[in-house]
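Reviewing the structure listed below.
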Number of protein chains: 2
Amino acid sequence: MVKRTSHHEADCFIARPLDAIGDWWSLLIVRDAFDGLRRFGEFQKSLGVAKNILSARLRNLVAHGILETVPAPDGSAHHEYVLTQKGRGLFYVLVALRQWGETYFSGPGEPYTFMVDTESGRPIRRLEVHAEDGRLLVPGDTRLADFRNRENS
Amino acid sequence: MVKRTSHHEADCFIARPLDAIGDWWSLLIVRDAFDGLRRFGEFQKSLGVAKNILSARLRNLVAHGILETVPAPDGSAHHEYVLTQKGRGLFYVLVALRQWGETYFSGPGEPYTFMVDTESGRPIRRLEVHAEDGRLLVPGDTRLADFRNRENS
DNA sequence: CAAAAATGGTTTCAAATTGAAACCTCTTGC
DNA sequence: GCAAGAGGTTTCAATTTGAAACCATTTTTG
């Protein structure tokens, strides 16, 4: 039985999130959800994804608590998909991915979109990683520490 | 001809990065590369991935300029895979993903690893999104603005 | 030095996933 | 009443995945 590999049980806080999200379509669904899309048909039109795939991905996102279904506000029999708090937590992942994309994937003369602060309409700052005391950290300034057996010392 | 969907040409700075990365395995390879792994065998042992898959993913990451091959420093005939500057730019994506994972995927009593500042050994701060003027922004405070036809007004 | 083992892959092939299209089941609108 | 739309599910061929076998070079060991 050759099953697709799952990182569900991986003892890694990168692998498990990736496993929960599922695949690239799912992250694009989350992106669209941040843009205010809520209905099956809206996602389908925006993404151009096959309906069976969209259906499976929405189900997975709901199962992992990233989206939840709510009754349609217009009283129709259908429901809508909205981000949970956990799902909104993916905001930083999307911002990071987008800033990386802006930096390395914008061809000259191409359409260009910025993420801007709604209030001022000005582009947001680049993400930065800071130490507890505020120092700016760059890749290589961090490591992983295991707090598994931390005593209350 | 039913081909796998590519977001290569998508006019979206989230879709294109996702397309370049390839799949979840690739991001775990990048994670390992940040942890200092460089050799085919090291990645294979760390990830437990099939060699053919690893081979294809490394090739893809190199093709997209995220990794590059360099001659092995011990003078052996083999080469090593190291992050390019573009690859190191994924640091923020990994930090975002990890913080999300720490928040929502840590079971009680489970092994727990923090990302810490190497210098102090203390956990790093959470990522924050800031407006140009420094205001802290939360999900919903941003939108996308199209600078395609920006006149020099 | 010869044999064995490790490194870094490629090839093969069955099983799983993907995606396009057809189909189904309500609700609405007219 | 009846056609259209929303929101899916089913079907099925093509593609991708992953385990294992294989192969060509080094490197180590006896």
Side-chain angles (χ1 to χ4, degrees), chain A residues 1-10 15 18-29 32-33 36-64 67-82, chain B residues 1-10 15 18-29 32-33 36-64 67-82:
Chain A
M1 189 163 50
V2 184
K3 297 202 96 165
R4 172 182 227 74
T5 304
S6 162
H7 299 108
H8 176 59
E9 313 191 22
L18 292 177
D19 193 66
I21 294 168
D23 72 349
W24 291 157
W25 284 123
S26 300
L27 210 50
L28 295 178
I29 291 170
D32 279 355
L37 271 53
R38 307 164 67 99
R39 310 277 297 230
F40 186 94
E42 290 178 319
F43 290 116
Q44 215 237 314
K45 194 159 92 176
S46 166
L47 298 171
V49 60
K51 291 160 89 176
N52 51 351
I53 305 294
L54 177 57
S55 180
R57 294 303 172 271
L58 286 170
R59 198 158 29 232
N60 182 256
L61 288 169
V62 169
H64 281 91
L67 295 178
E68 64 186 338
T69 53
V70 299
D74 59 359
S76 86
H78 296 301
H79 54 255
E80 302 190 333
Y81 299 89
V82 301
Chain B
M1 187 163 50
V2 184
K3 296 202 98 166
R4 172 181 229 73
T5 305
S6 163
H7 299 107
H8 176 59
E9 313 192 21
L18 292 178
D19 194 66
I21 294 169
D23 72 350
W24 291 158
W25 285 122
S26 301
L27 210 50
L28 294 178
I29 291 171
D32 279 354
L37 271 53
R38 305 165 69 99
R39 310 276 297 233
F40 186 94
E42 292 178 319
F43 290 116
Q44 215 237 316
K45 195 159 91 172
S46 166
L47 298 171
V49 61
K51 292 160 86 176
N52 51 348
I53 306 294
L54 177 59
S55 179
R57 294 304 172 270
L58 286 171
R59 197 158 31 231
N60 182 256
L61 288 169
V62 169
H64 281 91
L67 295 178
E68 63 186 340
T69 55
V70 300
D74 59 359
S76 86
H78 297 300
H79 55 255
E80 302 190 334
Y81 300 91
V82 301

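Letters go in sequence order (proteins before strands), and every chain restarts at 1.
In this structure, the side-chain contact (heavy atoms from CB on, under 4.5 Å) partners of A:N60, at least two apart in sequence or on a different chain, are A:H64. Listed by chain and number, the residues in a side chain to side chain donor-acceptor pair (under 3.5 Å) with A:S46 are A:D32 (sequence neighbours excluded). Listed by chain and number, the residues in a side chain to side chain donor-acceptor pair (under 3.5 Å) with A:H78 amount to none (sequence neighbours excluded). Considering only residues two or more places apart in sequence or on other chains, B:V82 meets the side-chain contact (heavy atoms from CB on, under 4.5 Å) condition with B:R38, B:E68, B:V70.
A close approach under 4.0 Å does occur between a side-chain nitrogen or oxygen of B:W25 and OP1 or OP2 of D:dG18. In this model, the phosphate group of D:dG8 is approached by a side-chain N or O of A:Y81 to a distance below 4.0 Å at OP1 or OP2. The phosphate of D:dT26 (OP1 or OP2) has no side-chain N or O of B:H79 nearer than 4.0 angstrom. Taking 4.0 angstrom as the limit, B:H78 places none of its side-chain polar atoms (N or O) nearer than this to OP1 or OP2 of D:dA24. Checking the phosphate oxygens (OP1, OP2) of C:dT7, no side-chain nitrogen or oxygen of B:R39 falls inside 4.0 Å.
Sorted by first and then second residue, the salt bridge (charged side-chain N to carboxylate O under 4.0 Å, His left out) pairs with a member in residues 49-59 of chain B read B:D23-B:R57; sequence neighbours excluded.
As rounded to whole Å, 8 Å separates atom P of D:dG7 from atom CD of A:E42. If you measure from atom CG of B:L47 to atom P of D:dG18, you get 12 Å, rounded to the nearest angstrom. Atom CZ in A:F40 sits roughly 7 Å away from atom P in D:dT9 (whole-Å rounding). Residue A:E80 contributes atom CD, which lies 11 Å from atom P of D:dG8 at whole-angstrom precision. Residue A:F43 contributes atom CZ, which lies 15 Å from atom C1' of D:dG8 at whole-angstrom precision. Note: CD (B:Q44) to C1' (C:dG8) measures 10 Å, nearest angstrom.
Nearest heavy atom pair, residue A:H79 against residue A:T69, reads CD2-CG2, 3.6 Å. Looking at every heavy atom in both residues, B:F43 comes nearest to B:L37 through CZ-O, 3.4 Å.
For residues 50-62 of chain B, proximity to DNA chain C is found at B:K51, B:N52, B:S55, B:R59, defined as any non-hydrogen atom under 4.0 angstrom from a strand atom.
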